[in-house]
Structure formats: structure tokens, C-alpha cells
Novice: 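Let me give you the structure first, and then I'll get to my questions.
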Amino acid sequence: MNYAVRSEILNLNVYKAGKPIDEVKRELGLNEVIKLASNENPLGCSEKVKAVLKNMIDEANMYPDASNYELKYNIAKKNNVHFDQIFCSTGSDSLIKVICNTFLNSGDESIMGEVTFSRYIDSTKLMGGKVIQIPMKNHGLDLDAMVNAITEKTKIIWLCNPNNPTGTIFTKSELENILKKIPSHVIVVMDEAYIEYVTDKEYPDSLSLLPSYPNMIILRTFSKAYGLAALRCGYGIASKELGGYFNRVIGPFDVNLFAQKAAVTALEDQDFIKLVHNTNKDCKEYLYKELENLGLEYIKSNTNFIMFDTKKDDINLFNELLKRGVIIRPGSFLGMPGWIRLSIGTKEQNIVFINALKEVLSL
Ligand SMILES: Cc1ncc(COP(=O)(O)O)c(C=O)c1O
């Protein structure tokens, strides 16, 4: 058929997500499969959240609160900002699209690292925008080069901190240094999806910079440390003015009823987040040691995943690991062929992974 599909859509690819557990079980006839591919929380979510969700099933017939009042109120309170500065949607993924919908006209440029979260590319292209990718420096974002790439067509600069998939961060002083150089009409997106896992003391407190830089937007999510990826809930913090624009673009019922209640309860249970942070840190140390024993180079991570260099064909390793019931993310899908991105699992899952890795490396 000769449909009038926009050329921007014809040029998009479907997002290649981490392989689901059931698909691997079905395809390979396996009973036990662990997924360490999508940076999910292996500890699940807070018990308090589970209790709330169990009691909500009879409310499934009702629309959620379109204003997200309770959710926004609690996010604003926790972060000590005004209610009108908050905007929420179906994951921060959706907010990336909302930001592009709001600012990009055809031909406008958006700047990002060469190896970063790929959804910045798709959402830019969807609006007919031009993707400007800047080579990495020591596996981290090259902030100076990104700022030097700004032209009068630049509308957005994407700062993923910590960066997915490399796990690197840039520091407070590095951020302050570049913010001064970015023209005030260019939107600076601080994607902080992994903030709860950060261990580096030099990590910037972007919220404290927000009053001085009204062109800044902070994105956070309940999908990672809060363990609510299935419910799809992310939020942003920006000036009241920008928040007002985004709330016009976001669909009224994008955050479903279960997600709203679960997220409010999850925010209250900061003991769970501490447990998640500490467990992740310990497990990361174990994996670092094992990778060192295997002589494999890895990038120090401030997240719940580790990128390491296998010096082999990562797609082949991916397939061999699948046969052994372990799903990882091959670097070839992320712009780093030969590398593997491993989501940090539970202690037991990490041991299973290391044993499988030893086996496939010796093939
Ligand atoms: C850096 C980064 N930003 C945003 C997202 C989107 O997360 P969600 O849509 O689940 O909130 C992800 C998910 O992997 C991510 O890694």
C-alpha cells in the first residue's frame, strides 16, 4: 500500500532490547535462564511496594490520576523542588521522546556521545533532527568536544551520567566548567537513570545547579535501583516553565495507576535503596576480581553493570552464554564490538555467570 508514512519513520530501526528469559527458554529448551542484559534490579523491588500492589487489583477498571498529584508531590518533596518542576511518564525513555517532541524541528541538531544510550538517537531522528555523535575519551563522554560541537542549529545536548553502556561518570567540576560555556537556548539533559548506584564522591549534584541553569533537565527512573522496570515510570525535574511545556506533551494517563502508587511507596522505602546500593557495590567488587583473574580489561563502573573487553567475537560469546542459560548484552549492539555489557546480578547469578564465562572463553 502507498501509505503516507513520514520519511523519518521509514528511516528508524526497531529498538533491540535485551533478550527475554522466556524466549531463550523456548528457543533453547532450557529450564533455568538468568538475564544479566538490561540492567534490571536482581533484588526485585521493596516488600512495601509489593504489599501495596497486591491490594490494588480491584482498581484496575479506573483511570489513574491524570495530574499524578501524589507522585509529583512526593518527588518534589524528596528533592526539595516545586511541584510544577516535576513531570512524569512511562519510563524516562518516554521522557526522552517528549523532550525531542518539544524542541526539535527538522534539521535541528542534538549532540551526544558516540557510545551512549541509543534512545537519544531514535528520538532525535523521529523528529527529523540531526544526530551529532562525539567520540569518547577514555570510554567517558568528552564534554569539551561535545560543547565545541554546538552550532546555531543545536537544540539539545545529552549528558548521560553515569553513562550507559560504559558506566563512567563526569565530575562536579567538569560539569560546572562546561555549563558556563553552553548557550542558554541549548537544552542540557542530565540523564541520571543510575544515580542510586553511584559510589564516586566527585559525582555532581545536578539539582543544586538547576536554579543557575534553567536550560537543564534532570531525568530519573524507577526502573533501575527501585526495581520497577515492568511498571514503566520515570520522572524529570526542570524549571517550572519547561515542566509546563512537557506536561502539555505527555499523555494524561501515561503513568498507570499501579505505577503511580508503587513509585510513591518505593520513594518512601530508602532502606531498600541502601540495601540495593550496598549489595551492588559488593557484587561489583567480586566481578572485578574475577575479571582481573581472567586477565580481562573492564571499565570501572558507577552503575549496576560492567563493560569488559573479551578480545573475542562478542556475538559468538553471547550465543555460547545463551546456550548455558545466561543472557548478556553483546558490545556489538552498543557500539563496542568485542566487549560485553554485564548487568550485575545476585551473588548466586554472578557465580553462575563467571563459571559460564570461563567455559566459553576456553572453547
Ligand atoms: C541511561 C538510560 N536512560 C534512560 C533509560 C530508560 O529507562 P526507563 O524508560 O525504564 O525509565 C535507560 C534504560 O536502560 C538508560 O539506561
Side-chain angles (χ1 to χ4, degrees), residues 15 17-23 34-79 86-99 117 119 123 164 191-197 218-237 246-247 249-277 279-280 303-305 327 343-346:
Y15 181 71
K19 239 173 147 46
I21 289 177
D22 283 347
E23 186 179 305
I34 56 171
K35 183 175 171 215
L36 302 173
S38 301
N39 309 334
E40 291 143 332
N41 187 343
L43 300 183
C45 68
S46 152
E47 289 300 324
K48 291 177 182 151
V49 171
K50 288 184 199 170
V52 165
L53 287 174
K54 275 182 195 150
N55 284 326
M56 288 186 69
I57 200 63
D58 287 337
E59 294 174 54
N61 58 319
M62 304 301 285
Y63 279 103
D65 171 9
S67 72
N68 296 296
Y69 179 82
E70 213 192 338
L71 178 57
K72 282 187 191 167
Y73 177 85
N74 282 283
I75 293 170
K77 196 167 127 208
K78 179 170 186 300
N79 292 286
I86 309 296
F87 48 101
C88 309
S89 193
T90 44
S92 50
D93 182 28
S94 173
L95 293 171
I96 291 166
K97 207 181 324 175
V98 165
I99 293 169
F117 190 46
R119 299 293 290 155
S123 297
N164 178 10
D191 185 343
E192 299 182 342
Y194 300 94
I195 187 170
E196 294 86 2
Y197 293 106
I218 299 166
L219 295 184
R220 307 250 175 97
T221 181
F222 288 97
S223 298
K224 306 299 176 182
Y226 286 96
L228 298 174
L231 293 183
R232 313 302 303 122
C233 185
Y235 65 95
I237 310 175
F246 300 141
N247 280 320
V249 180
I250 294 167
F253 304 115
D254 277 8
V255 187
N256 70 68
L257 190 71
F258 303 99
Q260 289 191 32
K261 279 271 186 249
V264 168
T265 311
L267 271 181
E268 285 164 8
D269 192 356
Q270 288 300 313
D271 285 345
F272 176 71
I273 296 299
K274 270 184 214 136
L275 172 77
V276 168
H277 174 94
T279 309
N280 184 70
T303 65
N304 64 340
F305 56 85
I327 315 172
S343 302
I344 298 170
T346 60

Novice: Just do the side chain to side chain contact (heavy atoms under 4.5 Å, CB included) check on N79 and R220 with the steps written out, would you?
Specialist: CA-CA 12 Å; N79 292 286; R220 307 250 175 97; 3.4 Å; yes

Novice: Which residues satisfy the ring pair (Phe, Tyr, Trp, His ring centres under 6.0 Å) test with F258, sequence neighbours excluded?
Specialist: none

Novice: So which of N280, N39, N304 actually passes side chain to side chain donor-acceptor pair (under 3.5 Å) with Y194?
Specialist: N39

Novice: Show me the donor-acceptor pairs, under 3.5 Å and distance only, between side chains in residues 47-57 and residues at least two apart or in other chains.
Specialist:
residue	atom	partner	partner atom	Å
E47	OE2	K50	NZ	3.1
N55	ND2	A51	O	3.4

Novice: By the definition side-chain contact (heavy atoms from CB on, under 4.5 Å), identify the one residue from I99, I195, I237 that meets it with L219.
Specialist: I99

Novice: Tell me whether the centres of the aromatic rings in F222 and Y235 are closer together than 6.0 Å.
Specialist: yes

Novice: Can you list everything that forms a side chain to side chain donor-acceptor pair (under 3.5 Å) with S123? Sequence neighbours excluded, please.
Specialist: none

Novice: Could I get the full list of side chain to side chain donor-acceptor pair (under 3.5 Å) partners for S223, not counting sequence neighbours?
Specialist: T221, R232

Novice: Among all residues two or more places apart in sequence or in another chain, which pass the side-chain contact (heavy atoms from CB on, under 4.5 Å) test with E70?
Specialist: N74, K261, V264

Novice: Quick one: side-chain contact (heavy atoms from CB on, under 4.5 Å) partners of N247, sequence neighbours excluded?
Specialist: K72, F87, I250

Novice: Within the distance-only criterion (no hydrogens, no angle test), does the side chain of D254 pair as donor or acceptor with the backbone N or O of C88 below 3.5 angstrom?
Specialist: no

Novice: For the residue pair L71 and I75, establish whether any side-chain heavy-atom pair is separated by less than 4.5 Å.
Specialist: yes

Novice: Check salt bridge (charged side-chain N to carboxylate O under 4.0 Å, His left out) between D93 and all other residues, then give those that pass, not counting sequence neighbours.
Specialist: R119

Novice: Output all residues satisfying salt bridge (charged side-chain N to carboxylate O under 4.0 Å, His left out) with E59, sequence neighbours left out; order by chain, then residue number.
Specialist: none

Novice: Shortest non-hydrogen contact from C233 to A263?
Specialist: SG-CB, 4.2 Å

Novice: What residues, two or more places apart in sequence or in another chain, satisfy ring pair (Phe, Tyr, Trp, His ring centres under 6.0 Å) together with Y197?
Specialist: none

Novice: Can you list the residues that meet the side-chain contact (heavy atoms from CB on, under 4.5 Å) rule with T346, with sequence neighbours excluded?
Specialist: P42, L43, E348, Q349

Novice: For K274, give me all partners under salt bridge (charged side-chain N to carboxylate O under 4.0 Å, His left out), at least two apart in sequence or on another chain.
Specialist: D271

Novice: List in chain and number order the residues that pass ring pair (Phe, Tyr, Trp, His ring centres under 6.0 Å) with Y63, two or more places apart in sequence or in another chain; answer none if no residue qualifies.
Specialist: F253

